[in-house]
2 protein chains.
Amino acid sequence: MTRKRKSDESAGTKKAILDATQQIMCNEGYAAVSSRRVAEVAGLKSQLVHYHFGTMDNLMLALFRRAEEDFLARQVRSLTSTSPLRSLWKESLQQADAHLTIEFIALARHSEAIGNEVRRANETTRNIHSMIIAGALERADIKGAPAPEVVAFFIAALSRTLGTEEALGTSLAHEAVHTFVEDLLNKLEPASNP
Amino acid sequence: MTRKRKSDESAGTKKAILDATQQIMCNEGYAAVSSRRVAEVAGLKSQLVHYHFGTMDNLMLALFRRAEEDFLARQVRSLTSTSPLRSLWKESLQQADAHLTIEFIALARHSEAIGNEVRRANETTRNIHSMIIAGALERADIKGAPAPEVVAFFIAALSRTLGTEEALGTSLAHEAVHTFVEDLLNKLEPASNP
DNA sequence: GTCTATAGGCCGATAGAC
DNA sequence: GTCTATCGGCCTATAGAC
């Protein structure tokens with residue numbers, strides 16, 4: 001049982017480190033993530049961060065992959081929802097992810113390893129969204145509707161910008177944008193049984 | 001003439017420092033901006049950065065204000081263009097600003113002083129854009145057009161996201177989005193004399 | 001797996017000479 | 001306005017004991 005207990009502790013420590021990293025990313029930005037700061041938040045020694053994850057770059061990658069798994073799981077739920085478009089829009093607005101996503105995208109511009117992962121994940125998500133949207137547009141049968149990939153891009157652009165500006169403390173036109181999207185959703189996906 | 005020569009040199013040094021800071025922001029991100037790194041790029045001693053700008057926070061603020069002036073000057077030109085909507089869209093896509101803007105917005109989330117400036121500038125720009133768009137929509141007389149502020153938000157969201165994703169090295173759906181916007185522009189602002 | 005100790009580096013900022 | 005010199009702090013990462 002020694003092996004099991006040790007590996008449990010290892011998993012617990014790893015989770016604590018990842019949780020702390022995520023918290024710092026969201027609240028203070030990627031630049032504030034350091035082995036010492038992470039250890040402080042997690043209540044550990046900073047050397048443990050290096051023991052479990054090696055370099056800081058590797059820690060960031062591990063966090064991104066964990067976040068991506070949660071994220072994809074929720075996307076798949078949207079795929080099977082009775083109102084996939086609404087579900088997709090709601091998921092895209094989720095702030096917890098939004099802040100983390102913003103930081104990773106900013107970080108990706110300057111770290112090749114992260115950049116590769118973020119690019120791949122971004123494209124995967126865009127493709128999944130396009131599929132969900134294609135089905136919804138087909139069902140709604142709207143004439144002159146833009147291509148699904150364009151709608152997917154719009155959803156990503158609007159939700160990211162709403163999230164970014166909210167974080168910035170401004171909300172100019174936000175309510176009008178929300179209303180506009182809601183109206184569109186009502187046309188594309190009329191409310192049925194909840 | 002001593003006073004003039006010295007103040008010229010001071011202005012030259014200040015400009016060199018601001019130029020170097022801007023370059024680092026664009027190429028390496030805000031986190032890479034340090035007095036030593038700035039001085040290295042500008043070919044100066046790092047202490048000069050502190051002499052001329054005091055704190056690093058103050059240097060960032062000075063850069064932001066300089067960039068904002070250039071930016072606003074170009075916006076005003078859009079206001080008086082014969083095709084303001086096209087001009088506005090083209091300006092919004094300018095990459096040089098785009099990267100700088102992205103970094104400042106990311107930085108704003110974690111620095112109160114920068115946050116205040118970015119928020120104010122963002123709202124000013126949004127309002128100017130709304131005015132330009134209101135005029136164009138009125139001229140086009142499209143039925144069922146969204147509110148000008150919503151269109152302004154869309155333009156900001158789309159151009160920022162296009163810029164961000166280009167920097168990320170992905171271009172999924174970008175061409176389709178460009179085409180979509182061009183088609184919209186053709187409806188709202190039919191090409192006349194160039 | 002976690003601890004102590006430590007090497008080696010970049011950082012912001014200031015003091016004082018010229 | 002620019003120089004040299006320097007303080008104190010936080011950083012990544014590793015070595016070796018337990």
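Here the structure is a predicted model, which means the values were calculated and not measured.
We find that CZ of A:F53 is positioned 16 Å from P of D:dT14, with the value rounded to whole Å. One atom, OH of A:Y30, and another, P of D:dC11, lie 16 Å apart when rounded to the nearest Å. Rounded to whole Å, the distance from CG on A:L59 to C1' on D:dA13 is 14 Å. When the C1' atom of D:dT2 is taken as reference, atom NZ of B:K14 falls 15 Å away, rounded to whole Å. Separating the CG atom of A:L48 from the P atom of C:dT4 is a distance of 10 Å, rounded to the nearest angstrom.
Terminal axes of the helix from C:dG1-D:dC18 to C:dC18-D:dG1 (five pairs each, C1' rotation axis) are separated by 0°, to the nearest 10°.
By the salt bridge (charged side-chain N to carboxylate O under 4.0 Å, His left out) test, B:E28 is found to be paired with B:R37, residues two or more places apart in sequence or in another chain being considered. Residues meeting the ring pair (Phe, Tyr, Trp, His ring centres under 6.0 Å) test with B:F53, sequence neighbours left out: none. A:D57 meets the salt bridge (charged side-chain N to carboxylate O under 4.0 Å, His left out) test with no other residue; sequence neighbours excluded. Partners of A:H174 by ring pair (Phe, Tyr, Trp, His ring centres under 6.0 Å), not counting sequence neighbours, listed by chain and number: B:F153. For A:E175, there are no side-chain hydrogen bond (donor to acceptor under 3.5 Å, both in side chains) partners at least two apart in sequence or on another chain. In this structure, the salt bridge (charged side-chain N to carboxylate O under 4.0 Å, His left out) partners of B:R66, at least two apart in sequence or on a different chain, are B:D19. Under the salt bridge (charged side-chain N to carboxylate O under 4.0 Å, His left out) criterion, A:E91 pairs with A:R74, sequence neighbours left out.
For residues 125-140 of chain B, the side chain to side chain donor-acceptor pair (under 3.5 Å) pairs, not counting sequence neighbours, are A:E165-B:R126, B:Q75-B:H129. For residues 84-123 of chain A, the ring pair (Phe, Tyr, Trp, His ring centres under 6.0 Å) pairs, not counting sequence neighbours, are A:F64-A:F104.
For DNA chain D, none of the residues of residues 102-118 of chain A falls under the heavy-atom distance limit of 4.0 Å.
Side-chain contact check for A:R109 and B:N27: no donor-acceptor pair (N or O, by modelled atom type) lies under 3.5 Å.
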- Item | Letter per nucleotide, 5' to 3', of nucleotides 11-18 of chain C [B base touched, S only sugar-phosphate touched, - untouched; heavy atoms, 4.0 Å] | BBBB----

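Within the structure, every side-chain polar atom (N or O) of B:T13 is placed at least 4.0 Å from both OP1 and OP2 of D:dG1.
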- Message: For a side chain to side chain donor-acceptor pair (under 3.5 Å) check, start with the C-alpha distance between A:R119 and A:N116, then their side-chain angles and the critical distance, and finish with the verdict.
- Response: CA-CA 5 Å; A:R119 189 178 324 117; A:N116 291 335; 3.3 Å; yes

